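Here the structure comes first, spelled out in structure tokens, and everything after it is commentary.
For ligands, and for the atoms within them, numbers begin at 1 and follow the listed sequence. It should be emphasised that the depicted structure is a prediction, and the values quoted were computed from it without experimental measurement. Nothing fancy with the numbering, it's 1 onward along the sequence.
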Amino acid sequence: MVENTGSIEALLREDRVFPPPAQFAEQANMPDSGIYERARQDPEGFWAGLAGELDWFEKWDQVLDWNPPFAKWFVGGKLNVSYNCIDRHLKTARKNKAAIIWEGEPGDWAVYTYQDLYREVCKAANGLQSLGVSKGDRVTIYLPMVPELPIAMLACARIGAAHSVVFGGFSADSLRDRINDSQSKVMITADGGYRRGGVVPLKQNADDSVTGDTPIEKMLVVRRTGTSDDRMVEGRDVWWHDLMANQPMTFEPEQMDSEDMLFMLYTSGTTGKPKGIVHTTGGYLTGTHATTKWVFDLKEDDVYWCTADIGWVTGHSYIVYGPLANGATSVMYEGSPDYPDRDRFWAIVEKYACTILYTAPTAIRTFMRWGEEYPNRHDMSSLRLLGSVGEPINPEAWVWYWQNIGGGRCPVVDTWWQTETGSILITPLPGVTTLKPGSATHPFPGIEVDVLDEAGNSVGPGGGGYLVIKRPWPSMLRTIYGDDERFREQYWSKYENIYFTGDGAKIDEDGYHWILGRVDDVINVAAHRVSTMEVESALVDNSKVAEAACIGRSDEIKGQAIVAFVTIKENVAASDELITELKQHVATKIGPICRPDDIHFAAELPKTRSGKIMRRLLRDVAEGRALGDTTTLADPAVVESLKAQYGDEE
Ligand code: 7RM
């Protein structure tokens, strides 16, 4: 038993440590801390050993070809991801095992065994091929969390076409940008998806995204909500169920080169234009397969549930590819955690007897606020491991999760990684790592990270600096789609031949890694990456706005909230209605996750003499803090007037 000191101070400054429970350590997939040293001695041999756990049509002749910043892993190797996620399990006792347990928000549910998945993926591959999709093409997928989503992804992988999944919460405009950048000829969407009892009008957005000049020739539409039957466009649109009705149930998987693109996924960066992060085949699957096995300690009879949306990288790597490559049972839920009531997640855990749960701190803090009443309604004794991802987890939330969801018996793995890293890079290994709440603990074996100062020197224990990765790893991004220069500039220009993560971090005296958050113009809102520049562009797109600056302010639940400072045009009056209008404008323009939480009108924005907006000062104003250094400011009076207006609001 761990004593509860009770005081708020002790909770905020949580200093308890949590060694692996003996029972857990005994059965762990990776029970040997010697693995860190072995991987350090021979990183390439270490990764090659893990790649060898996949099925290859042809083995590689070189583990790594490193021509910074361009890496090739398992050079010359041939494999297919869909084969590794499905076919190879059919030769084993997993054939009739549940691969995907799916639950829709209204309460409908379905189970796909590996054999079922094989049949549906083969049919989908044949169907897509009949629409003209072939090896090397890109396919945009804009779907809710329905089984057709992983089926479509795996079908693309089977053909050798790269998918570009666009999160269903993105607007028509955002979808259009991504379609144009990827030059997809085919888009897969649905009539709608269920969210909080309502319907998200996906088909309407999809239609709006392809008006005018578009590369899209065919739209494949899943019937989910029955709300867009009248929207089908003759000659362009095809119903999924019609197309699949007569497809052959086998499809020979394409023999892909290890370095062929598996998918691209757009993520926000420091400029307004989203970046298409490119992941390839052999290295990506090696990374996701190995981390899923060791970090989540997946066993044959586990029921594993990652609550992310597949529209984000977490869903790609840890709902679809990692779990399925391991032959696991992966749970997928369509809707929101408070529908029909605030115990929905716990009802799902109980119903399917989930053993592993992977979710985000923002969700955990929300559950904390709702109270223990909801988890207490359910039997959650099946759980044996908990995970956290997407943003720093504060120690109170960590301990609450451990106690109230894990019943004080489940290790909590706090996993740090990015869309760019493809798989988890800093994380406990639950069978060997002593946990410190709030710390992602240590780099995964084979990963070398450091914390550097501006000049590139290692910051010693306790000091803060920039988190970097010092050697290539198999699941790293290969480039930004169509833009090698931006890839180089974004990630490899700050330090020579060292990957810059965009995060701040510190390493404590015990060698534990603490992630401090983004150091660039990216806001992490409820574990989603939002670019300040993108929100600013959406605001100035409104004809009443002259100028806009966005910052993230800390928020108890979401981690960060979006605050916009807006200068309106001369003949426009500031009003509450205008605030509502501008918030809605951003939501429509980019997507609801980018809707600003606060909008402040400002007569002028604080700028440096060279005209750069000083976001740091705006952050201070928004969070009601005393202002730091203002000496580089062109006109200090601007900040004074802002502060007089808004400084006391918090
Ligand atoms: C997986 C994912 C990446 C950014 C990253 C961090 C933040 C993610 C953690 C975390 C602290 C964590 N991909 N982040 N995990 N911060 N502790 N365990 O989230 O591309 O969407 O975001 O998220 O800032 O750079 S992502």
In Å, rounded to the nearest 0.5 Å, how long is the span from OH of Tyr333 to SG of Cys354?
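Tyr333 OH to Cys354 SG: 13.0 Å, rounded to 0.5 Å.
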Write down, by chain and number, every protein residue that brings a non-hydrogen atom to less than 4.0 Å from an atom of ligand 1.
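Near ligand 1, by chain and number: Val313, Thr314, Val389, Gly390, Glu391, Pro392, Asp414, Thr415, Trp416, Trp417, Gln418, Thr419, Asp503, Ile515, Arg518, Asn524, Arg529.
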With sequence neighbours excluded, what pairs up with Thr286 under the side-chain hydrogen bond (donor to acceptor under 3.5 Å, both in side chains) test?
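None.
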Side chains of Asp503 and Thr501 only: does a donor on one sit below 3.5 Å from an acceptor on the other?
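Side-chain D/A pair, Asp503 to Thr501: absent.
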Distance-only polar pair, side chains of Tyr142 and Arg178, donor-acceptor under 3.5 Å
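Distance-only check fails for Tyr142 and Arg178.
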Under the ring pair (Phe, Tyr, Trp, His ring centres under 6.0 Å) rule, collect the residues that match up with Tyr36, sequence neighbours excluded.
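Result, ring pair (Phe, Tyr, Trp, His ring centres under 6.0 Å) vs Tyr36: none returned.
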Sorted by first residue and then second, give each salt bridge (charged side-chain N to carboxylate O under 4.0 Å, His left out) pair with at least one member in residues 422-448; sequence neighbours left out.
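For residues 422-448: Lys436-Asp508, Lys436-Asp510, Glu448-Arg471.
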